Amino acid sequence: MPSRDVAAELGHFTEQLGAEPIFAIEAFDTRVAMFALGDGPPALLLAEHLEGERPVLVFRVGDLEAAIADLEARGLRPGPRFGIPHGPGCSIEVPGGHRLATYERTRPEAAAHLAGRRDF
């Protein structure tokens with residue numbers, strides 16, 4: 001989710017709503033924090049580098065290139081590619097201003113590496 005102040009918003013989610021922080025990192029001139037509101041998925045992510053007001057719904061796929069080809073066959077246009085600690089990703093352009101993305105987990109060790117990290 002786009003955030004103007006990740007530290008303050010993470011504090012709100014953890015202190016007022018009882019969220020469990022997973023990590024809070026500062027890298028590449030931005031802050032990003034992940035937290036969970038319940039025992040299972042989905043985890044939520046606050047990110048200062050995201051523009052706009054709408055959240056980006058990110059889905060994991062087994063094969064990013066195959067998923068992109070499937071989306072194109074359905075008439076959707078892939079947007080810009082990006083990388084996250086877990087692997088490569090691609091935004092998906094959809095009507096109505098909704099924001100979707102998909103990624104392939106090529107670095108499964110990233111979750112354990114980030115878990116518990118608190119830069120702020």
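Computed from a predicted model, the values in this text were never measured in an experiment.
A salt bridge does not link Arg99 with Glu93: every distance from a Lys NZ or Arg NE/NH1/NH2 to an Asp or Glu carboxylate oxygen is 4.0 Å or more. Between Arg4 and Glu51, none of the side-chain N atoms (NZ, or NE/NH1/NH2) sits under 4.0 Å from a carboxylate O, so this pair counts as no salt bridge.
Side chain of Arg105 to main chain of Ala110: no donor-acceptor pair is present (N/O by atom type, distance under 3.5 Å, no hydrogens or angles). Listed for the Thr14 side chain is no donor-acceptor partner under 3.5 Å among the backbone atoms of Ala19. A donor-acceptor pair under 3.5 Å links the side-chain atoms of Arg107 to the main chain of Pro85, judged by distance alone. The backbone N or O of Pro2 sits nowhere less than 3.5 Å from a side-chain atom of Glu48 that would complete a donor-acceptor pair. Between the side chain of Ser3 and the main chain of Ala47, no donor-acceptor pair closer than 3.5 Å is present.
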Using a 3.5 Å cut-off and no angle test, enumerate the donor-acceptor pairs between side-chain atoms of residues 113-120 and protein atoms at least two apart in sequence or in another chain.
{"residue": "Arg117", "atom": "NE", "partner": "Asp119", "partner atom": "OD1", "Å": "3.0"}
{"residue": "Arg117", "atom": "NE", "partner": "Asp119", "partner atom": "OD2", "Å": "3.1"}
{"residue": "Arg117", "atom": "NH2", "partner": "Asp119", "partner atom": "OD2", "Å": "2.7"}
{"residue": "Asp119", "atom": "OD2", "partner": "Glu26", "partner atom": "N", "Å": "2.9"}

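Shown are Leu45, Ile25, Leu10; of these, the side-chain contact (heavy atoms from CB on, under 4.5 Å) with Met34 is made only by Leu45.
Within a 6.0 Å sphere centred on CG of Asp29, other residues, nucleotides and ligands contribute 12 heavy atoms or fewer.
By the 4.5 Å heavy-atom criterion applied to side chains, His98 and Arg54 are counted as neighbours.
Taking both residues in full, the closest heavy atoms of Gly79 and Cys90 are given as O-SG, 3.5 Å, listed atom of the first, atom of the second, then distance.
Linking ILVMFWY residues whenever their side-chain heavy atoms come closer than 4.5 Å, directly or via other members, places Leu76 and Phe59 in the same cluster.
Atom CD1 in Ile68 sits 9.0 Å away from atom CG in Asp63 (nearest 0.5 Å).
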